[in-house]
Amino acid sequence: MSTSHTKTYVLVHGAWHSGRVWDRVVPLLSRAGHQVYAPSLTGHGEKEHLLTPDVDLDTHVGDIVALLNKWDLTNVVLAGHSYAGMVISGVANEVPDRIAHLVFVDAMIPADGESTLDVMRENTQRLIDAAAASDVPWRIPPVPEMPAPIGLFGVTDPADTAWLRTMLSDESVRCFLQPVRLDNPAVDAISRTHIHCVGSTPGDVTGRPVRSVQPGVAASQVWELRSGHDCMVTVPGALADLLLQAG
């Protein structure tokens with residue numbers, strides 16, 4: 001039963017992943033009495049068959065906007081991991097009235113008009129170039145597993161790595177090339193939290209300085225988590241604790 005303290009969380013996975021990557025976090029938030037959604041974006045998870053060359057950032061922004069509208073969700077704590085920092089930024093621009101708080105979980109922090117390529121140019125360009133030289137130049141496969149401590153998206157435990165592989169799939173190049181729109185002044189009024197994974201960070205993830213104060217709102221919350229990049233896999237309890245404090 002909902003109470004005045006009940007929150008609504010929408011958790012958005014990063015590139016190559018699916019909504020299942022949040023499976024260890026969702027029950028922790030639910031048991032605390034909150035409503036939680038962890039959808040898969042177009043081209044991933046149960047929607048993997050929908051991946052086409054035309055899938056782009058707007059497609060993924062539209063996925064989350066449609067979810068919010070379908071269930072008439074308001075006062076949402078919207079969390080995005082990695083590439084989904086682009087997605088949640090775009091969603092906030094489209095429906096700022098539905099968002100209470102943004103959480104960037106080891107995520108990209110774009111400015112208006114920037115793409116993933118702009119935010120992480122060197123590494124993203126390398127992935128795009130590799131795809132261009134393949135038989136399917138519009139598809140970017142998941143980054144390969146590396147020796148510890150990088151592992152697979154910062155996951156090194158063999159059982160966890162095996163589980164993670166079951167939910168990985170290709171990304172459309174256009175997702176990394178399309179710029180985000182952040183031209184709605186209402187976006188600046190949304191408070192936000194930044195969670196930085198500071199242990200075993202993969203080489204393909206680059207942090208960006210966080211403004212200590214958002215225009216028109218209180219100081220941003222900035223926390224560090226001793227984890228590799230996929231913290232929802234390796235330290236779900238610690239991540240859930242921070243999400244419960246967000247906002």
Side-chain angles (χ1 to χ4, degrees), residues 1-14 17-41 44-47 60-61 63-85 87-107 154-155 160 163-164 167 186-187 189-198 210 214 217-247:
M1 185 174 185
S2 296
T3 71
S4 60
H5 300 294
T6 297
K7 296 180 182 179
T8 298
Y9 289 89
V10 176
L11 311 177
V12 187
H13 65 82
H17 294 60
S18 78
R20 288 177 51 220
V21 78
W22 299 100
D23 278 0
R24 297 175 179 178
V25 174
V26 169
L28 301 177
L29 300 178
S30 297
R31 284 201 293 269
H34 304 297
Q35 189 175 29
V36 190
Y37 297 82
S40 290
L41 300 172
H44 301 284
E46 70 277 12
K47 302 176 184 176
H60 291 160
V61 169
D63 288 338
I64 303 304
V65 171
L67 174 75
L68 300 181
N69 289 334
K70 176 181 179 180
W71 299 109
D72 193 22
L73 303 180
T74 57
N75 295 315
V76 171
V77 177
L78 181 61
H81 176 241
S82 196
Y83 156 77
V87 178
I88 66 171
S89 296
V91 172
N93 193 72
E94 293 295 317
V95 288
D97 54 310
R98 293 189 178 275
I99 311 302
H101 194 76
L102 294 171
V103 184
F104 293 81
V105 182
D106 216 30
V155 179
D160 287 344
W163 179 62
L164 180 58
M167 65 188 79
V187 172
I190 301 174
S191 61
R192 55 201 68 194
T193 291
H194 299 269
I195 299 174
H196 300 310
C197 297
V198 296
V210 175
Q214 283 297 123
V217 298
S220 298
Q221 295 175 310
V222 182
W223 290 317
E224 292 186 346
L225 196 55
R226 295 297 301 178
S227 168
H229 185 52
D230 277 8
C231 53
M232 66 289 298
V233 175
T234 57
V235 289
L239 176 59
D241 287 344
L242 293 182
L243 290 173
L244 288 169
Q245 297 176 57

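A quick note: this is a predicted structure, and the numbers were derived from the prediction, not measured.
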**Message:** Working note: S82 + H229, criterion side chain to side chain donor-acceptor pair (under 3.5 Å); need CA distance, chi angles, decisive distance, verdict.
**Reply:** CA-CA 8 Å; S82 196; H229 185 52; 2.9 Å; yes

**Message:** side-chain contact (heavy atoms from CB on, under 4.5 Å) for L239 and L225? Distances and angles first, verdict last.
**Reply:** CA-CA 8 Å; L239 176 59; L225 196 55; 4.2 Å; yes

**Request:** Could you walk me through whether V77 and L243 pass side-chain contact (heavy atoms from CB on, under 4.5 Å), step by step?
**Result:** CA-CA 9 Å; V77 177; L243 290 173; 5.6 Å; no

**Message:** As a quick check of understanding, evaluate side-chain contact (heavy atoms from CB on, under 4.5 Å) for K70 and V65, giving each step before the final call.
**Reply:** CA-CA 8 Å; K70 176 181 179 180; V65 171; over 6 Å; no

**Message:** Show, in sequence, the C-alpha distance, side-chain angles and deciding distance for V61 and E94, and conclude whether the side-chain contact (heavy atoms from CB on, under 4.5 Å) test is met.
**Reply:** CA-CA 9 Å; V61 169; E94 293 295 317; 4.1 Å; yes

**Item:** Worked check of side chain to side chain donor-acceptor pair (under 3.5 Å) between Y83 and H60
**Value:** CA-CA 11 Å; Y83 156 77; H60 291 160; 2.9 Å; yes

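Inter-residue side-chain proximity for W22 and L29 is flagged as unmet; no heavy-atom pair is nearer than 4.5 Å. Using a 4.5 Å heavy-atom cutoff, the side chains of L41 and I64 are in contact. Contact check for P39 versus D63: no side-chain heavy atoms found under the 4.5 Å cut-off. Here the side chains of T8 and Y37 are in contact, with some heavy-atom distance below 4.5 Å. Counting heavy atoms from C-beta outward, L102 and H194 have side chains that stay 4.5 Å or more apart. Looking only at side-chain heavy atoms (C-beta outward), R226 and T234 stay at 4.5 Å or farther from each other. Within the 4.5 Å cutoff, the side chain of P96 has heavy atoms near those of the I190 side chain. Between F104 and H81, the closest side-chain pair of non-hydrogen atoms is not below 4.5 Å.
Residues satisfying the side-chain hydrogen bond (donor to acceptor under 3.5 Å, both in side chains) test with D241, not counting sequence neighbours, are none. With sequence neighbours excluded, no residue forms a side-chain hydrogen bond (donor to acceptor under 3.5 Å, both in side chains) with S89. For T193, the side-chain contact (heavy atoms from CB on, under 4.5 Å) partners two or more places apart in sequence, or in a different chain, are H101, V103, I195, Q221, W223, A246. Residues that satisfy the side-chain hydrogen bond (donor to acceptor under 3.5 Å, both in side chains) test with D97, not counting sequence neighbours, are absent from this structure. Evaluation of the side-chain hydrogen bond (donor to acceptor under 3.5 Å, both in side chains) rule for H44 yields S169, E171 as partners, not counting sequence neighbours.
In the model, H17 has a side-chain atom that pairs as donor or acceptor with a side-chain atom of D230 under 3.5 Å.
Looking at K7, its side chain does come within 3.5 Å of a backbone N or O of L244 through a donor-acceptor pair.
Screening residues 72-81 for salt bridge (charged side-chain N to carboxylate O under 4.0 Å, His left out) gives D72-R98 as the qualifying pairs, with residues at least two apart or on separate chains.
Here the closest non-hydrogen pair linking V105 and A79 is CG2-CB, 4.5 Å. Of all heavy-atom pairs between V233 and R24, the closest is O-NH1, 2.8 Å. Closest heavy-atom contact between I99 and A92: CG1-CA, 4.4 Å. Minimum interatomic distance between Q35 and T6 (heavy atoms only, all atoms of both residues): N-CG2, 4.3 Å. When every heavy atom of S40 is checked against every heavy atom of K47, the shortest pair comes out as O-NZ, 3.0 Å. Annotation for H13 and G19: closest pair CD2-N, 3.4 Å, computed over non-hydrogen atoms.
Taking CD from E224 and CG from L242, the interatomic distance works out to 11.0 Å, rounded to the nearest 0.5 Å.
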